[in-house]
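Written out below as structure tokens is the structure these notes cover.
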Amino acid sequence: MDYLNHNLESLQRTCSALAAAVKDASGGVLMLKESREGSVSAMCEGQWIHSAYDPCKEAKVWAEAQLREWQAGELAVVLGVGLLYHVEALAAVKPAGSRLAVVIPDVPILKDALRARPMGAWLNAVEWIWGTAPGMAEQLVSHSAALRVLTYAPAARLHAEVHRELEEWLRRSVAKRQGGQLHVAVVGPIYGGSLPIAKYVVTALEALGHRVSWIDHSLHRASYDAFGAYRDMRHRQAMQSRFAEVLSLSTITHLSEDPPDLVLAIAQAPLTLAVLEHLRKKKFLTAMWFVENYRHLTYWQQLAAGYDYWFVIQQAECHEAFKRAGARSVGYLPMAADPAVHRPLTLTDAERTEYGADLSFVGAGYPNRRALLPRWLSKDWSFKLWGNEWEGAADLAPVLQRSGARIDTEACMKVFNASAINLNLHSCGGDALDPQADFVNPRTFELAACGAFQVTDERALLPELFTDEEIVRFRRTEDVPALIRMWLDDPSGRRTVAEAARQRVLRQHTYGHRMKELLAAIGLRQPDRIGAILRGDRNAGALAVRAESAPEFSAMLRRFPSGQRVELKDVAADIRANGVGRALEREELLILLLDSYRAETRDLV
Amino acid sequence: MRHSLIVQLARLGDLLQTLPAITAIKSADPSLTLDLLCPAPLSPIGRMLPGITRVLEWDGLAWRQHGQEAGAGLHQEHLRDAERRISELSSERYDCAYVLNQHPRALLAGALLAREMKGPRLRGPLGEQLAPWASYVRDIAAIRRGCRVHLADAFCGLCGVYPPGKPVTISRSPLPLPPDLEPIAMQGGPWIGVIVGAGADERLVPIEVWRRWILEFMATAPAGRVVLVGQERERARYIQDQLPSSILGRLWDATGRTSLPELAEILGRCHAVIGADTGPLHLAAAVGTRVIGWYFARARVHETGPYGTDHLVWQAYNSEEGAASGQFGVQPTSWPVRETIDAVLTGRMQGLEGWSVWVGQCDRWGAYYGEAGRHPAPPREREDLWRELQPLQG
């Protein structure tokens with residue numbers, strides 16, 4: 001029977017361009033097989049796309065499981081095409097007022113589906129999303145509805161790369177449209193390299209208009225160090241570990257007193273797995289930005305299952321490793337810069353003399369730096385080495401500044417600004433370049449944001465962040481001296497490259513950009529919570545419009561500025577502030593009643 | 001005909017302490033239809049209260065869930081749902097709600113369900129100013145001021161009525177018990193109900209003390225029987241551990257497996273009930289059984305002693321300061337085991353270092369406790385207080 005033409009006729013009515021593309025496509029991606037029950041099923045690359053026994057029954061079970069997440073009014077976006085059994089089942093159970101879209105990453109596969117079996121009237125109730133990843137992302141976000149991505153894994157795995165790219169573009173598109181105000185609790189570390197990053201994150205979120213509760217554990221640094229003073233290592237570890245547990249509990253206490261929409265931990269934040277599990281039970285959303293090399297610091301293995309969302313600075317293998325350890329969701333979020341801190345400076349002559357050099361390096365004395373930097377000393381250029389942990393590096397002693405004392409961020413910025421060339425060598429344990437050179441360190445972004453010229457070792461993830469015209473990179477250590485010579489002789493070229501890098505940071509690589517991307521990623525997976533807030537659905541104006549059929553409630557909402565996020569507790573507080581001494585409206589009493597129960601819901605401690 | 005509603009959303013003990021107020025309100029206006037709003041799990045007891053026509057069940061769990069959802073993202077549907085829940089309780093508003101709790105949600109429920117409200121706040125749910133009786137109750141709770149007006153009588157004051165002047169019991173029609181509990185109090189005796197738990201940890205009588213009480217009681221009264229009651233099945237099991245097997249045939253464990261009406265039935269069958277200041281203790285008093293209370297921690301006989309006559313309360317006090325100082329927030333180190341067994345079996349009342357003994361009485365100003373062995377003159381400060389706080393009707 002000629003199902004294809006019949007189905008194409010149907011498709012033609014709602015999406016003629018796609019119907020034409022299907023007609024021209026070759027098909028033959030799926031291998032059709034008869035299921036035990038008699039209906040057609042399919043295989044691809046040796047794996048079943050639908051059940052070998054009963055594809056309809058399997059699809060129905062899958063669709064019913066999706067209903068646990070899919071809320072009324074949301075646009076469901078189905079990833080995975082196959083023979084569309086699952087889409088048909090989903091169309092049959094979709095909530096009232098909801099819509100259904102199917103992503104077509106590859107037109108020939110749709111041809112296989114339309115050729116394999118008769119589709120019903122439901123085909124016309126589906127919105128077909130096809131084309132390039134950015135185009136599909138734009139199509140999806142142009143709908144005003146919340147998006148709920150539903151993945152039919154057996155079919156979706158065939159186009160994992162397209163889906164990843166689509167999600168990335170969706171994230172960007174959603175990030176651009178963010179308008180609501182979240183309350184984010186940022187949990188920082190006690191000390192270490194991630195501490196300044198936590199501060200940049202706080203600043204960025206506040207600049208985006210979100211309310212931030214900064215849970216700053218660096219206040220407890222002195223006590224933590226004191227517990228590290230015991231002679232016996234077991235005592236030190238036991239005390240510091242217990243202390244971290246206490247700080248974890250103090251975080252919970254803080255969260256219970258002022259519950260946020262999202263708990264965002266930065267690497268090394270003292271949150272234990274038990275506390276994270278407790279937070280999940282209490283329906284807190286948690287995310288961790290792990291701004292570390294996952295190969296070197298491995299404590300994430302114990303915490304992987306604890307956070308709802310992980311964001312990491314590495315890709316592929318890293319994501320797989322996290323998922324194997326139990327992480328539910330892992331996303332790529334590279335480092336960034338804070339242009340308010342990492343900025344071009346006008347230096348005095350004295351500062352230029354103190355901080356300037358032909359070549360500078362700022363950083364700690366990791367083994368590969370100890371081995372490589374001496375090779376780049378030369379009488380042809382001046383070299384200044386800044387930073388700590390250089391004890392015993394005799395070759396470098398003549399160029400080591402301030403006897404190897406740690407320098408603060410302000411001094412660091414002066415070095416970057418005053419140096420003709422800033423070397424940026426990613427750390428590793430060997431005596432050569434990092435053999436697993438994937439992530440890009442914060443220094444790369446910070447130097448670029450300063451408008452400082454840098455020469456950096458090549459990283460697998462660098463090209464998608466900066467072009468060759470923006471950052472000069474080397475792949476072999478022996479190429480470095482020639483690069484130094486060349487760029488020292490070209491001050492104008494250095495300025496051009498550095499300025500291009502700075503502009504790239506300002507366009508795409510600030511902590512503000514990263515926070516937008518992070519929130520967009522979570523918003524896409526939580527369209528009814530974080531997503532709704534980011535879209536501004538919880539703003540007074542939007543709520544009041546939706547409440548027009550309830551004039552008293554609408555009037556309560558209109559007492560707030562239209563763009564202000566309004567929650568139950570805000571409306572209740574407003575009633576308490578303005579309701580004393582007068583008879584309360586019935587709606588006001590109901591609001592206060594609901595709020596009295598809301599206030600009980602986060603009794604964490 | 002006026003329709004009124006009593007709002008009592010606290011726990012079992014408070015619900016039973018509401019009984020005198022219900023009686024007094026009905027006495028003041030016999031034509032009044034009086035309904036009760038109470039937590040859904042307590043509704044079977046609510047239905048046993050004389051004077052109550054209908055019981056409205058407050059589903060706190062559902063409201064909590066609803067409040068949590070509204071807190072996560074407020075929509076007008078939340079208000080519609082809330083209105084529906086209120087309407088399901090009562091399709092028409094009451095003429096008056098007597099609200100007996102200071103918690104905002106009781107006040108709000110009262111304001112939603114009735115046109116007029118009598119209760120702890122003078123100017124509606126948001127009013128700061130407390131009614132005189134509410135101030136009195138708050139001061140008692142907050143600053144532990146000496147008190148001789150019973151909480152149940154203060155509830156009467158909150159409702160604008162005077163105490164009924166006599167103990168009131170709840171109407172209990174015989175109820176079949178589970179087969180293994182049916183023989184309770186059918187033969188032998190005396191049968192003593194022992195309440196093994198308490199709502200708060202600081203009010204728990206130690207397991208070892210209960211074990212000692214049971215052993216001594218059974219040794220002294222060869223025909224005596226003990227019924228363990230309450231929700232705390234684990235505690236009951238620990239109490240029974242290490243008791244000699246020879247007495248186990250005289251010990252009945254009803255913990256954790258009876259409905260509230262069944263519990264009332266068991267307590268009603270017992271000759272006496274002993275325990276700390278708990279809901280079941282007040283339930284025993286309400287079904288007319290003689291009660292022996294061990295009041296310690298923050299429990300104080302003059303505020304929440306079992307309502308009625310002839311109930312006995314051993315009140316722990318800080319012996320360094322003496323009984324008269326009224327500082328009762330203490331954890332006893334010794335317990336009146338022998339003394340209360342004597343009281344049960346012989347009626348003899350004797351104190352013990354750190355404990356004083358009080359006997360329940362009742363007069364026109366409500367319930368009061370007089371110290372055992374002294375002349376049972378009612379304390380005068382109650383009358384003064386009623387005249388001060390409720391002068392118009394005094």
Side-chain angles (χ1 to χ4, degrees), chain A residues 71-73 259 261 282-283 285 526 528-533 537-538 540 542-554 556-557 565-572 575-603, chain B residues 7 9-10 37 39 58-90 92-93 97 99 101-117 119 121-130:
Chain A
Q71 311 279 319
D261 302 305
K282 293 289 178 178
K283 299 198 175 357
L285 273 184
Q526 300 277 339
D528 53 332
R529 288 179 69 181
I530 301 293
I533 299 166
D537 288 1
R538 305 274 173 81
L543 283 172
V545 167
R546 286 204 299 278
E548 268 170 0
S549 60
E552 293 81 5
F553 182 42
S554 182
M556 278 187 240
L557 295 166
R565 178 181 168 189
V566 175
E567 299 290 350
L568 173 62
K569 65 179 188 303
D570 305 310
V571 183
I575 295 168
R576 284 190 204 100
N578 299 302
V580 179
R582 67 174 172 83
L584 297 177
E585 299 290 339
R586 198 163 177 78
E587 290 73 15
E588 292 177 314
L589 293 168
L590 291 169
I591 288 279
L592 292 174
L593 186 56
L594 287 171
D595 191 58
S596 82
Y597 280 100
R598 175 207 59 81
E600 276 188 3
T601 58
R602 297 293 172 98
D603 49 344
Chain B
V7 178
L9 294 181
L37 176 70
W58 187 257
D59 189 345
L61 287 177
W63 277 103
R64 183 168 300 144
Q65 167 84 13
H66 198 51
Q68 191 171 5
E69 287 167 9
L74 180 64
H75 297 289
Q76 71 181 94
E77 287 73 25
H78 292 120
L79 287 191
R80 284 202 192 118
D81 282 353
E83 179 61 64
R84 180 183 50 76
R85 283 173 199 279
I86 295 292
S87 303
E88 281 171 1
L89 288 171
S90 174
E92 289 190 14
R93 292 180 85 183
V99 179
N101 315 116
Q102 299 215 20
H103 197 287
R105 73 184 50 136
L107 295 159
L108 292 162
L112 283 160
L113 286 162
R115 282 186 282 276
E116 184 199 343
M117 190 162 56
R121 287 181 197 264
L122 289 178
R123 291 163 197 254
L126 296 181
E128 295 279 313
Q129 197 180 348
L130 291 177

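Labels below follow one simple rule: chain letters A, B, ... track the order of the sequence lines, proteins then strands, and each chain is numbered from 1.
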If one checks every heavy atom of A:Val571 against chain B at 4.5 Å, the contacting part turns out to be side chain
Output for pair (A:Met556 CE, B:Leu79 CG), nearest 0.5 Å, gives 6.0 Å
If one checks every heavy atom of A:Ser554 against chain B at 4.5 Å, the contacting part turns out to be neither
Turns out that what part of A:Glu548 lies under 4.5 Å from chain B's heavy atoms comes down to backbone
Tightest non-hydrogen contact, residues B:Gln76 and A:Ala550, listed as NE2-CB, 3.6 Å
Ranking A:Gly581, A:Ala572, A:Ser549 by heavy-atom pairs under 4.5 Å to chain B gives rank one to A:Ser549
query = So, do B:Pro104 and A:Arg576 sit near enough that their side-chain heavy atoms are less than 4.5 Å apart?
reply = no
Among residues 121-128 of chain B, those lying within the under-4.5 Å heavy-atom range of chain A are B:Pro125, B:Leu126
When rounded to the nearest 0.5 Å, the distance separating CZ of A:Phe553 from CG of B:Leu74 is 4.0 Å
**Item:** Donor-acceptor pair, side chain of B:Arg105 and main chain of A:Ser596, under 3.5 angstrom
**Value:** yes
Contacts table for residues 582-593 of chain A: side-chain donor-acceptor under 3.5 angstrom, sequence neighbours left out:
residue  : atom : partner  : partner atom : Å
A:Arg582 : NE   : A:Asn578 : O            : 3.1
A:Arg582 : NH1  : A:Glu588 : OE1          : 3.0
A:Arg582 : NH2  : A:Glu588 : OE2          : 2.8
A:Arg586 : NE   : B:Glu83  : OE1          : 2.8
A:Arg586 : NE   : B:Glu83  : OE2          : 3.2
A:Arg586 : NH1  : B:Leu112 : O            : 2.9
A:Arg586 : NH2  : B:Glu83  : OE2          : 3.2
A:Arg586 : NH2  : B:Leu112 : O            : 3.3
A:Glu588 : OE1  : A:Glu585 : N            : 2.8

Contacts of B:His75 meeting ring pair (Phe, Tyr, Trp, His ring centres under 6.0 Å) (sequence neighbours excluded), chain-then-number -> B:His78
Sequence neighbours excluded, the answer for salt bridge (Lys or Arg N to Asp or Glu O under 4.0 Å) partners of A:Arg565 is A:Asp261, A:Glu567
Whatever's closer than 4.5 Å to a heavy atom in chain A on B:Arg80 counts as side chain
dist A:Tyr597:OH -> B:His66:NE2 (nearest 0.5 Å) comes out at 11.5 Å
Honestly, the part of B:Ala70 sitting under 4.5 Å from a heavy atom of chain A is both
Honestly, the part of B:Leu107 sitting under 4.5 Å from a heavy atom of chain A is neither
